[in-house]
Amino acid sequence: DQSSPYDVMLPSESQFADYVGRLGVSNDTHVVVYDGDELGTFYAPRAWWMFRVFGHKEVSVLNGGFKNWVKEGHPVTAEVSQPAPAVFKAKLNTALLKTFEEMMQNVGSLQFQVVDSRPEARFRGTELDQGNGGLESGHIPGAVNIPFHTLLTEGGHEKSIEEIQEIFREKKVDLSKPLTATCRKGVTACHIALAAYLCGKRDVAIYDGSWSEWFHRAPPRYKVSE
């Protein structure tokens with residue numbers, strides 16, 4: 001959403017539909033998402049979640065990303081794809097999305113669990129946020145910290161379902177109960193949603209504004225920092 005004061009916020013249904021339609025994606029297309037990040041996977045879960053939040057069910061993430069695809073010797077090409085435009089109809093699934101107002105209300109009511117996927121020092125407030133936007137570090141009251149990279153192996157693949165379940169258990173996150181993920185701008189939070197999905201939990205919501213919105217809008221007492 002180019003009109004939002006916050007980074008990487010969801011576009012409208014029509015903007016998303018037009019964009020992916022131009023890429024040749026229709027409602028019947030099975031989409032596989034990957035990115036070229038050195039970690040193996042960084043942005044891909046965000047794209048995966050965006051398709052799902054706009055009502056598209058047939059979407060997968062390539063485990064290990066482009067880095068591992070190349071490493072395993074699979075074919076690559078430098079040719080630019082020329083997809084034929086398709087019609088995509090988007091319908092926002094609000095169950096997979098949380099707003100600032102819903103997050104504020106939850107601080108008092110604790111209706112859903114909140115997991116923050118940023119590095120521990122940013123979450124605790126002991127490390128400065130080096131990015132732009134004048135953000136100080138810290139977290140939303142009641143949030144639990146599961147840094148997203150802990151869900152990946154050293155090689156950049158998703159950890160096993162057993163290992164992921166153990167990570168959630170250690171942090172006392174109950175996958176049978178409502179769960180929302182947050183981060184700095186709503187990108188790595190989607191790693192939490194993907195990890196939970198692999199464990200059979202398909203309804204993790206993302207707080208799209210995440211810390212960059214929360215820091216600017218929440219009252220000081222709602223910003224926890226050491």
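- For N145 against P119, the heavy-atom pair with the smallest separation is OD1-C, 4.2 Å.
- Between F148 and H191, the ring planes are tilted. Angles from 30° to 60° get that label.
- V87 is not listed as a side-chain neighbour of S26, based on a closest heavy-atom distance of 4.5 Å or more.
- Linking Ile, Leu, Val, Met, Phe, Trp and Tyr residues whenever their side-chain heavy atoms come within less than 4.5 Å places Y19 and V53 in a single cluster.
- A single hydrophobic cluster is seen to contain both L23 and V31, as judged by linkage of ILVMFWY side chains at heavy-atom distances under 4.5 Å, directly or through other members.
- Taking the side chain as every heavy atom from C-beta outward, T180 and E102 never approach each other to under 4.5 Å.
- There is no path of hydrophobic side-chain contacts, each under 4.5 Å, that joins V107 to V224.
- The shortest heavy-atom contact between L10 and M50 is CD2-CG, 3.7 Å.
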Exercise. When you look at L152 and K159, which way does the side-chain contact (heavy atoms from CB on, under 4.5 Å) test go after all the steps?
Worked result: CA-CA 5 Å; L152 300 172; K159 283 185 176 171; 5.8 Å; no

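- For R217, the side-chain hydrogen bond (donor to acceptor under 3.5 Å, both in side chains) test picks out E101, E213, with sequence neighbours left out.
- You'll find the side chain of Q113 reaches within 4.5 Å of the side chain of V173, heavy atoms only.
- Expressed to the nearest 0.5 Å, how far CD of E13 lies from CG of D18 amounts to 11.5 Å.
- Residues in residues 65-92 take part in no salt bridge (charged side-chain N to carboxylate O under 4.0 Å, His left out) pair, two or more places apart or across chains.
- Taking the side chain as every heavy atom from C-beta outward, E158 and L194 approach each other to under 4.5 Å.
- Note that the CG atom of L39 and the CD atom of E154 stand 11.5 Å from one another [nearest 0.5 Å].
- For CD of E127, the number of neighbouring non-hydrogen atoms (other residues, nucleotides, ligands) closer than 6.0 Å is greater than 12.
- Of all the heavy atoms in G138 and S225, the pair that sits closest is CA-CB, 4.1 Å.
- Under a 3.5 Å cut-off, the side chain of R118 and the backbone N or O of S137 do not form any donor-acceptor pair.
- Here the CD1 atom belonging to I146 is positioned 11.5 Å from the NE2 atom belonging to H149, to the nearest 0.5 angstrom.
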For this session: Might you work through the side-chain contact (heavy atoms from CB on, under 4.5 Å) test for V144 and D116, ending with a clear yes or no?
Result: CA-CA 6 Å; V144 170; D116 189 317; over 6 Å; no

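- With rounding to the nearest 0.5 Å, the separation of CG in D203 from CZ in R52 is 8.5 Å.
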For this session: Please assess W69 against Y34 for the test ring-ring contact (aromatic ring centres under 6.0 Å, His included), listing each intermediate value before the final yes or no.
Result: CA-CA 10 Å; W69 178 265; Y34 70 88; 7.8 Å; no

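- In this structure, K201 is not positioned above the aromatic face of F168 in the sense of NZ or CZ being under 6.0 Å from the six-membered ring centre and within 45° of the axis.
- L198 and V61 fall into different hydrophobic clusters, where Ile, Leu, Val, Met, Phe, Trp and Tyr side chains are chained together by heavy-atom contacts under 4.5 Å.
- Judged purely by atom type and a 3.5 angstrom limit, E170 has no side-chain atom pairing as donor or acceptor with the backbone of I167.
- Geometrically, R202 engages Y197 in a cation-pi contact defined by less than 6.0 Å to the ring centre and at most 45° from the axis.
- Both tests hold for K223 against F215: distance to the six-membered ring centre under 6.0 Å, angle to the ring axis within 45°.
- Listed by chain and residue number, S176 satisfy the side-chain hydrogen bond (donor to acceptor under 3.5 Å, both in side chains) test with D174 (two or more places apart in sequence, or in another chain).
- Of all heavy-atom pairs between C199 and L175, the closest is CB-CD1, 3.8 Å.
- For the pair F112 and K98, the minimum side-chain heavy-atom distance is below 4.5 Å.
- A donor-acceptor pair shorter than 3.5 Å cannot be found between the side chains of S212 and S210.
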Just distance, no hydrogens or angles: give the donor-acceptor pairs under 3.5 Å from side chains in residues 40-49, sequence neighbours left out.
{"from": "R46", "atom 1": "NH1", "to": "G186", "atom 2": "O", "distance (Å)": "2.8"}
{"from": "R46", "atom 1": "NH1", "to": "D208", "atom 2": "OD1", "distance (Å)": "2.8"}
{"from": "R46", "atom 1": "NH2", "to": "V8", "atom 2": "O", "distance (Å)": "2.9"}
{"from": "R46", "atom 1": "NH2", "to": "D208", "atom 2": "OD1", "distance (Å)": "3.0"}
{"from": "W49", "atom 1": "NE1", "to": "L96", "atom 2": "O", "distance (Å)": "3.0"}

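- Between L151 and E163 there is no side-chain heavy-atom pair separated by less than 4.5 Å.
- In this structure, CG in N106 is found 9.0 Å from CD1 in I140, a value given to the nearest 0.5 Å.
- Between K171 and V115, every side-chain heavy-atom pair lies at or beyond the 4.5 Å cut-off.
- Tested against F100, the residues W211, W214, Y207 include a single ring pair (Phe, Tyr, Trp, His ring centres under 6.0 Å) partner, W214.
- Residue pairs meeting the ring pair (Phe, Tyr, Trp, His ring centres under 6.0 Å) criterion with at least one member in residues 76-99, sequence neighbours excluded, are F16-F88, H56-F88.
- Partners of S60 according to the side-chain hydrogen bond (donor to acceptor under 3.5 Å, both in side chains) rule, which considers only residues two or more places apart in sequence or in another chain, are H30.
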Exercise. Can V20 and F54 be said to form a side-chain contact (heavy atoms from CB on, under 4.5 Å), step by step?
Worked result: CA-CA 11 Å; V20 301; F54 284 118; over 6 Å; no

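- Looking only at distances, a side-chain donor or acceptor of S4 sits under 3.5 Å from a matching main-chain atom of Y6.
- Residues T188 and S117 approach most closely at OG1-OG, 2.8 Å, considering heavy atoms.
- One hydrophobic cluster, built from ILVMFWY side chains closer than 4.5 Å, cannot hold both V187 and I206; they sit in different ones.
- Taking the side chain as every heavy atom from C-beta outward, T182 and V114 approach each other to under 4.5 Å.
- Taken to the nearest 0.5 Å, the CZ atom of R122 stands 11.5 Å off from the SG atom of C183.
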